[in-house]
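Computed over heavy atoms, backbone and side chain alike; hydrogens, waters and symmetry mates excluded. Because the structure is predicted, anything quoted here is derived from the model rather than measured. Naming: A, B, ... by sequence-line order, numbering from 1 per chain.
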Protein chains: 2
Amino acid sequence: MEKATSLYRDVLGATVSDKVPLPEHGVYTVFVELGNTKLELLHPLGEKSPIAGFLQKNKAGGMHHICIEVDNINAAITDLKAKNIRTLSAEPRIGAHGKPVMFLHPKDCDGVLVELEEA
Amino acid sequence: MEKATSLYRDVLGATVSDKVPLPEHGVYTVFVELGNTKLELLHPLGEKSPIAGFLQKNKAGGMHHICIEVDNINAAITDLKAKNIRTLSAEPRIGAHGKPVMFLHPKDCDGVLVELEEA
């Protein structure tokens, strides 16, 4: 995480956030500010971090997921279920910005883990 | 590519571009518009497509690279070389938007293939 933070802050010159622990998600986060978009740098927190398996498969790191904002996450989930897109949990959880988030199944999203976040 | 285009256009409701062949890069592209950010959907074009190997390793698809805009690509490359970040080619090439682009070595970018594009 320190190396990636340095890449975006010191080498590429972007503004980055402080490192914030999110124990309920099992990750530390650093956000790299890119206009209306952010890169989220993730580092495992705790024994059961959901990103531990990803890092075992990708020793050097890699791209874990994308996140897209929606206006109303419950309406989005109802709509997606009607379109046979599976979610990874039954209900939304509170994400890194204090807003409800929900992950969609990569098998229904062309191999990409997609997170929705209520704006 | 049709399936991914449908996911972002028909299921998630985003505006997407037409499918454009880029024979000199060995890919077809579709851009998904997300404010000042775009998702670029890629499909191989030709026998020697640079994304063929990625799709062999990732049968279901996946995330291939990120692209960050810079004001002056030659200045950025000079600066990055001074900071020991390797590039994948000696000189910039012309990318999907008709602007110079350069790829940085994933081993120097925490396992992530990073493209720079002159804005």
Side-chain angles (χ1 to χ4, degrees), chain A residues 1-14 30 32-43 54-55 57-72 75-77 79-86 104-116 119, chain B residues 1-14 30 32-43 54-55 57-72 75-77 79-86 104-116 119:
Chain A
M1 172 156 259
E2 279 64 32
K3 187 166 163 287
T5 301
S6 176
L7 172 68
Y8 290 101
R9 182 190 58 211
D10 305 328
V11 178
L12 292 170
V30 168
V32 180
E33 303 285 345
L34 296 174
N36 75 350
T37 299
K38 295 173 186 171
L39 296 179
E40 181 181 28
L41 309 180
L42 294 171
H43 186 79
F54 177 85
L55 287 171
K57 284 184 211 155
N58 301 273
K59 302 282 185 197
M63 285 175 275
H64 183 262
H65 70 277
I66 63 171
C67 179
I68 300 173
E69 285 187 346
V70 296
D71 292 330
N72 181 321
I77 291 164
D79 185 44
L80 288 165
K81 285 189 176 166
K83 289 167 175 163
N84 296 314
I85 307 291
R86 288 167 288 176
L104 309 183
H105 201 304
K107 289 195 175 171
D108 295 338
C109 299
D110 314 294
V112 174
L113 177 58
V114 177
E115 178 184 16
L116 300 182
Chain B
M1 173 157 258
E2 280 64 33
K3 188 167 164 285
T5 301
S6 175
L7 172 69
Y8 289 101
R9 181 189 59 210
D10 305 328
V11 178
L12 292 170
V30 168
V32 180
E33 303 285 344
L34 297 173
N36 75 352
T37 299
K38 295 173 186 171
L39 296 179
E40 181 181 27
L41 309 180
L42 294 171
H43 185 78
F54 177 85
L55 286 171
K57 285 185 211 153
N58 301 272
K59 301 282 185 197
M63 285 174 276
H64 183 263
H65 70 277
I66 63 172
C67 179
I68 300 173
E69 285 186 347
V70 296
D71 293 329
N72 181 322
I77 292 165
D79 186 45
L80 288 165
K81 285 189 174 167
K83 289 166 175 164
N84 296 315
I85 307 292
R86 288 166 288 176
L104 309 183
H105 202 304
K107 288 195 174 168
D108 296 338
C109 298
D110 314 294
V112 174
L113 178 58
V114 177
E115 179 185 17
L116 301 182

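Across K107(A) and K3(B), no two heavy atoms sit closer than the pair O-NZ, 4.3 Å. For the pair D108(A) and L7(B), the tightest heavy-atom approach, listed with the atom from each and the gap, is O-CD1, 4.1 Å.
A distance of 12.5 Å separates CG of N58(A) from CG of D110(B), quoted to the nearest 0.5 Å. Note that the CE atom of M63(B) and the CG atom of L113(A) stand 6.5 Å from one another [nearest 0.5 Å].
At a 4.5 Å heavy-atom cutoff, the contact between K83(B) and chain A is made by side-chain atoms alone. Neither the backbone nor the side chain of V70(A) comes within contact range of chain B; no heavy atoms are under 4.5 Å apart. No part of K59(B) comes within reach of chain A, as not one of its non-hydrogen atoms sits under 4.5 angstrom from that chain.
Of residues 36-43 of chain B, those residues with a non-hydrogen atom less than 4.5 Å from any non-hydrogen atom of chain A are, in numerical order, N36(B), T37(B), L39(B).
Side-chain contact between D79(B) and V11(A): absent, with no pair of heavy atoms (C-beta onward) separated by less than 4.5 Å.
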